[in-house]
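To start, the structure itself, in structure tokens.
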Amino acid sequence: MEIRDQKFQIQGISLVELAKTYGSPLYVYDGQKIQDQVKQLKEAFSTVKLKIKYATKALSNINILKLMKKSGTGVDAVSIEEVKLCLHAGFTPEEIMYTPNSVSFGEIKEAVGLGVMINIDNIPMLEHFGTEYGNSVPVCIRLNPHILAGGNAKISVGHIDSKFGISILQLKHVHKVVEAYQLDVAGLHVHTGSDILDAEVFLKGAEILFDAAREFRDLRFLDFGGGFKVAYKPGDISTDMKEVGEKVSKAFKSFCDEYGRELEIWFEPGKFLVSESGTLLVKANVIKSTPASTFVGVDSGLNHLIRPMMYDAYHSVLNVSKTEGPERVYTIVGYICETDTIAADRKLKEVQEGDIIAIKNAGAYGFSMASNYNSRLRPAEVLLLDGKAHLIRERETFEDILRHQIDIGL
Ligand SMILES: *Cc1c(COP(=O)(O)O)cnc(C)c1O
């Protein structure tokens with residue numbers, strides 16, 4: 001997030017003013033930052049046929065999807081609803097990859113009907129697919145390379161016990177199914193987890209994918225999933241995209257030479273594209289000193305941003321209402337009846353009731369994981385583009401809490 005320190009502006013727009021205009025809590029996204037991230041990825045892979053499939057689940061407002069489309073990305077969807085959302089936002093079926101897990105074959109059929117590429121992650125579904133479509137519909141196969149990667153056990157999905165993908169150890173079985181139904185395997189896919197720092201981890205995944213790919217004759221693409229790491233803490237290192245780009249492109253090109261065809265290289269970043277663009281603005285409701293610490297209780301919590309509680313995620317916080325003055329150490333907590341610590345023991349400019357606290361790096365898995373827990377309303381969302389603020393989602397109202405509930409007249 002390009003908050004210019006001291007003034008706390010993004011694209012020349014004051015965060016405090018945004019909170020005044022649209023209320024709090026408020027999700028704010030910097031459209032320029034998203035476009036910059038797309039550009040960075042494209043430049044890192046400029047020597048190969050790159051396709052970016054933005055992981056919709058990270059942040060799925062249709063305006064964000066449209067911005068991605070304008071920036072030249074495709075999308076990866078993990079539910080039939082996400083597929084429909086992406087179609088609604090203007091993506092063509094060819095631009096959409098559907099990577100479901102544990103869904104019924106009915107949902108896969110529906111997705112095939114919508115014309116999107118299906119990424120199959122288990123052998124029984126591959127057999128269903130073969131029975132239904134034979135070689136008439138191309139398909140992608142999600143492999144599990146069993147690489148341990150990712151910043152947290154909950155986001156590491158490539159290990160031996162993971163529910164995701166078809167184990168690389170079951171490739172023989174995969175080939176039997178492919179031959180039996182003459183499947184048209186257009187692509188192979190791996191996604192090993194989130195928060196992968198290293199070019200080496202990507203290369204390790206790539207080597208395993210290349211080995212598997214040699215046995216498939218008619219591939220059009222290889223998909224390396226998402227998982228690039230972004231910096232959350234001061235001093236955190238993010239994935240060196242230039243280095244990953246150079247190393248992976250080089251390995252990819254020599255594989256293509258050997259394979260005898262120039263394949264497309266696909267990536268499905270979520271976090272990398274949208275995390276830093278997002279800021280959650282919340283308001284200090286109460287400053288409460290205990291013998292141990294000073295809490296700032298804010299008008300939000302794990303219902304709006306669950307990452308600190310679910311993934312032990314670190315989010316930088318700042319008091320954007322104060323440009324000067326002394327700093328003190330605070331623990332920022334939410335208003336939910338759970339221990340929902342957003343940030344512990346942080347130095348902030350002295351906080352007073354009503355101050356606006358900015359929670360940074362909240363673009364990915366922020367709003368998209370928000371809920372109505374405690375019967376609280378989900379926040380509004382604002383997108384900043386070309387120095388202008390656009391409301392892209394209204395704040396919920398009490399009617400939204402009652403919607404779909406049926407009063408049986410007790
Ligand atoms: C979640 C997910 C991604 C995106 O992961 P990030 O860590 O946000 O980059 C990519 N591909 C698949 C299949 C996913 O499930």
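Each ligand, and each atom within it, is numbered from 1 in the order the structure gives. Just so it is clear, the model here is predicted, and its values are computed rather than measured.
The atoms of ligand 1 that sit less than 4.0 Å from any heavy atom of T99 are 13 (C). Close contacts between ligand 1 and P269 involve ligand atoms 9 (O) [criterion: under 4.0 Å to a heavy atom]. Each of the atoms 5 (O), 6 (P), 7 (O), 9 (O) of ligand 1 lies under 4.0 Å from some heavy atom of G227. Interface of Y365 with ligand 1, defined as ligand atoms under 4.0 Å from a residue heavy atom, comprises 1 (C), 4 (C), 5 (O), 6 (P), 8 (O).
Remark: K53 does not engage E268 in a salt bridge, criterion side-chain N to carboxylate O under 4.0 Å. Salt bridge present: D184 and R220 bring a charged side-chain N and a carboxylate O closer than 4.0 Å. Ionic pairing of D36 and K33 is not present here: no N-O contact between side-chain nitrogen and carboxylate oxygen is shorter than 4.0 angstrom.
For F272, no heavy-atom contact with ligand 1 is shorter than 4.0 Å. Contacts with ligand 1 closer than 4.0 Å are made by side-chain heavy atoms of H191 only, the backbone lying farther away.
The N/O atoms of H189, backbone and side chain alike, include none that comes under 3.5 Å of an N/O atom in ligand 1. Considering backbone and side-chain N/O atoms, A58 never comes within less than 3.5 Å of an N/O atom of ligand 1. Between G270 and ligand 1, at least one N/O pair is under 3.5 Å apart. Here's the thing with R142: none of its N/O atoms is less than 3.5 angstrom from an N/O atom of ligand 1.
In this structure, R346 is positioned above the aromatic face of Y314, its NZ or CZ under 6.0 Å from the six-membered ring centre and within 45° of the axis.
Side-chain N/O atoms of E82 and Y98 include no donor and acceptor closer than 3.5 Å. Between the side chains of R307 and H315, at least one donor N or O lies within less than 3.5 Å of an accepting N or O.
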Query raised in the report: side chain to side chain donor-acceptor pair (under 3.5 Å) between Q40 and K242: does it pass, once the steps are laid out?
Result: CA-CA 8 Å; Q40 196 188 335; K242 206 162 161 256; over 6 Å; no
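Closest heavy-atom approach to atom 13 (C) of ligand 1 within the set E268, K271, M97, K57: this belongs to E268.
For the pair H191 (side chain) and G226 (backbone), a donor-acceptor distance under 3.5 Å is present.
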